[in-house]
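Read the structure below first, then the notes.
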Amino acid sequence: MEKTFENWLVVSDIDGTLNNKMRRLPKRNYDAIKEFTERGGNFTLASGRLQSSLERNYNRITPNQPAVVLNGAGLYDYNKREMLWRSTIGIKGRDFVRYIAKEYDEIFKSVDIGVYFDDYVYIVKSGLLARSTMYFDKAPHEYVKSLDDVPEDGWMKVIFWSNPFVINKLQTLIREENKEKDAEANFMSSSALSLEMLQKDTHKGVGIMKLADMLKIDKSHVAAIGDYYNDWDMLKTVGLPACAGQAPSAIHRICKYEACHCNNGCVADLLGYIMSGKAEEDILSGKI
């Protein structure tokens with residue numbers, strides 16, 4: 001009798017992991033996901049995107065569980081068309097963003113700010129980086145003059161966009177000011193051109209483990225695969241962290257399974273490792 005995998009949850013990042021460097025889905029990944037879900041395995045995606053932006057990638061494969069959206073701030077069920085769980089930025093975090101914007105206006109003249117809600121983005125200033133992100137993500141959005149024009153409740157995520165020099169300067173300022181004011185926020189670098197803010201103790205790994213709890217899947221059988229530093233918290237949280245071959249060396253060091261380059265279908269490598277039974281053997285032997 002063919003073995004099934006109802007006791008496994010596997011979650012994949014998208015760009016540089018599920019998709020190759022050209023943002024295309026390797027057929028090898030599609031085939032492996034299809035086999036895994038047909039054999040009872042639980043599979044979904046984790047992304048920093050809104051649910052509408054993520055949906056195109058979600059529908060290209062055969063996932064069978066809700067997706068982790070907005071870098072872990074939400075858990076969205078595409079079948080029910082509803083957010084099952086969310087972690088919103090509290091009043092301290094919202095006030096901290098306004099404080100930074102006001103106190104350091106000379107920096108913010110070259111910084112775009114995006115405030116993300118369930119499936120909508122308010123953009124303060126409309127520079128090239130913010131406009132191109134909205135274009136490529138096909139995100140529902142509008143441009144506003146200031147943070148005062150953004151609704152008070154429901155902030156899921158904030159993104160700051162600028163050139164690397166300004167982002168580095170902004171990171172330093174935020175690190176220093178956050179120690180003083182305790183914004184109750186989690187800051188992460190998603191690229192050299194952007195800095196993201198979520199509610200404290202919120203990241204992809206939190207959303208994944210919320211889903212695992214709903215499915216009653218043990219942490220030892222929760223796997224995630226990513227390729228960059230914005231996947232760090234996710235990989236440190238799950239039982240079986242895996243990375244694409246091209247991931248930075250620091251990411252490789254925290255992973256228990258190293259797959260091939262994303263261009264060659266790294267998600268298929270991870271699923272093959274699980275479906276072969278080798279992952280189960282390594283869990284039982286204490287290797288992972």
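Just the heavy atoms: all of them, side chains too, but no hydrogens, waters or symmetry mates, feed the values below. Residue numbers start at 1 and run along the sequence shown.
- Open room surrounds CD1 on I91; 12 or fewer heavy atoms of other groups in view lie less than 6.0 Å from it.
- For K138, the NZ atom counts as densely surrounded, since its 6.0 Å shell holds more than 12 non-hydrogen atoms of other residues, nucleotides or ligands.
- Using a distance-only test at 3.5 Å, with no hydrogens or angles considered, no donor-acceptor pair links the side chain of H252 to the main chain of A250.
- When atom types are taken as modelled, the side chain of T44 and the backbone of P63 share no donor-acceptor pair closer than 3.5 angstrom.
- For CD of E152, the number of neighbouring non-hydrogen atoms (other residues, nucleotides, ligands) closer than 6.0 Å is greater than 12.
- L271 and L45 fall within the same hydrophobic cluster, defined by Ile, Leu, Val, Met, Phe, Trp and Tyr side-chain heavy atoms under 4.5 Å apart, directly or through other members.
- In summary, the aromatic rings of Y116 and Y122 are positioned with their centroids too far apart to meet the 6.0 Å limit.
- Using a distance-only test at 3.5 Å, with no hydrogens or angles considered, no donor-acceptor pair links the side chain of K216 to the main chain of N7.
- Salt bridge annotation for K169-E106: absent, with no cationic side-chain nitrogen under 4.0 angstrom from a carboxylate oxygen.
- Between the side chain of Q199 and the main chain of G90, a donor-acceptor pair closer than 3.5 Å is present.
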Evaluate side-chain hydrogen bond (donor to acceptor under 3.5 Å, both in side chains) for N71 paired with E196, printing each intermediate quantity in order. CA-CA 9 Å; N71 274 334; E196 302 195 13; 2.5 Å; yes
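- Side-chain atoms of N163 come within 3.5 Å of backbone atoms of V166 as a donor-acceptor pair (strictly under, hydrogens ignored).
- T37 and N64 share no side-chain donor-acceptor pair at under 3.5 Å.
- Just one of R49, R24, K21 meets the salt bridge (charged side-chain N to carboxylate O under 4.0 Å, His left out) condition when paired with D15; it is R49.
- When side chains are defined from C-beta on, D182 counts as touching K92, because their heavy atoms get closer than 4.5 Å.
- Under the 3.5 Å distance criterion, the side-chain polar atoms of Y78 are matched with a main-chain donor or acceptor of Q51.
- No hydrogens or angles considered: nothing links the side chains of N178 and R175 as a donor-acceptor pair under 3.5 Å.
- Side-chain atoms of N19 never come within 3.5 Å of backbone atoms of G16 as a donor-acceptor pair (strictly under, hydrogens ignored).
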side-chain contact (heavy atoms from CB on, under 4.5 Å) between V222 and M209, intermediate numbers included: CA-CA 8 Å; V222 179; M209 294 314 299; 4.1 Å; yes
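- Figure legend: cation-pi geometry between K3 and F5, with NZ or CZ positioned under 6.0 Å from the six-membered ring centre and within 45° of its axis.
- Contact of the D112 side chain with the V124 side chain is not registered, since no non-hydrogen atoms from C-beta on lie closer than 4.5 Å.
- Under the 3.5 Å distance criterion, the side-chain polar atoms of D137 are left unmatched by any main-chain donor or acceptor of A139.
- Legend: residues meeting salt bridge (Lys or Arg N to Asp or Glu O under 4.0 Å) with E177, ordered by chain and number and at least two apart, are absent.
- Contacts classified as side chain to side chain donor-acceptor pair (under 3.5 Å) and involving residues 263-278 (residues at least two apart or in different chains) are given here: R28-D269, Y273-D282, K278-D282.
- Within the cation-pi definition used here (under 6.0 Å to the ring centroid, within 45° of the axis), K181 qualifies as a partner of Y99.
- At a cut-off of 3.5 Å, with distance as the only test, a side-chain donor of E142 or Y120 sits close to an acceptor on the other residue.
- Residues N42 and E6 have side chains that never bring a donor and an acceptor to within less than 3.5 angstrom of each other.
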Report the C-alpha distance between V267 and T17 in whole Å, list the side-chain angles of each, state the deciding distance to 0.1 Å, and finish with yes or no for side-chain contact (heavy atoms from CB on, under 4.5 Å). CA-CA 7 Å; V267 174; T17 308; 4.2 Å; yes
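- In terms of modelled atom types and a separation under 3.5 Å, the side chain of Q246 and the main chain of C262 share a donor-acceptor contact.
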So T237 and H203, side-chain contact (heavy atoms from CB on, under 4.5 Å) or not? Walk me through it. CA-CA 10 Å; T237 302; H203 49 74; 3.2 Å; yes
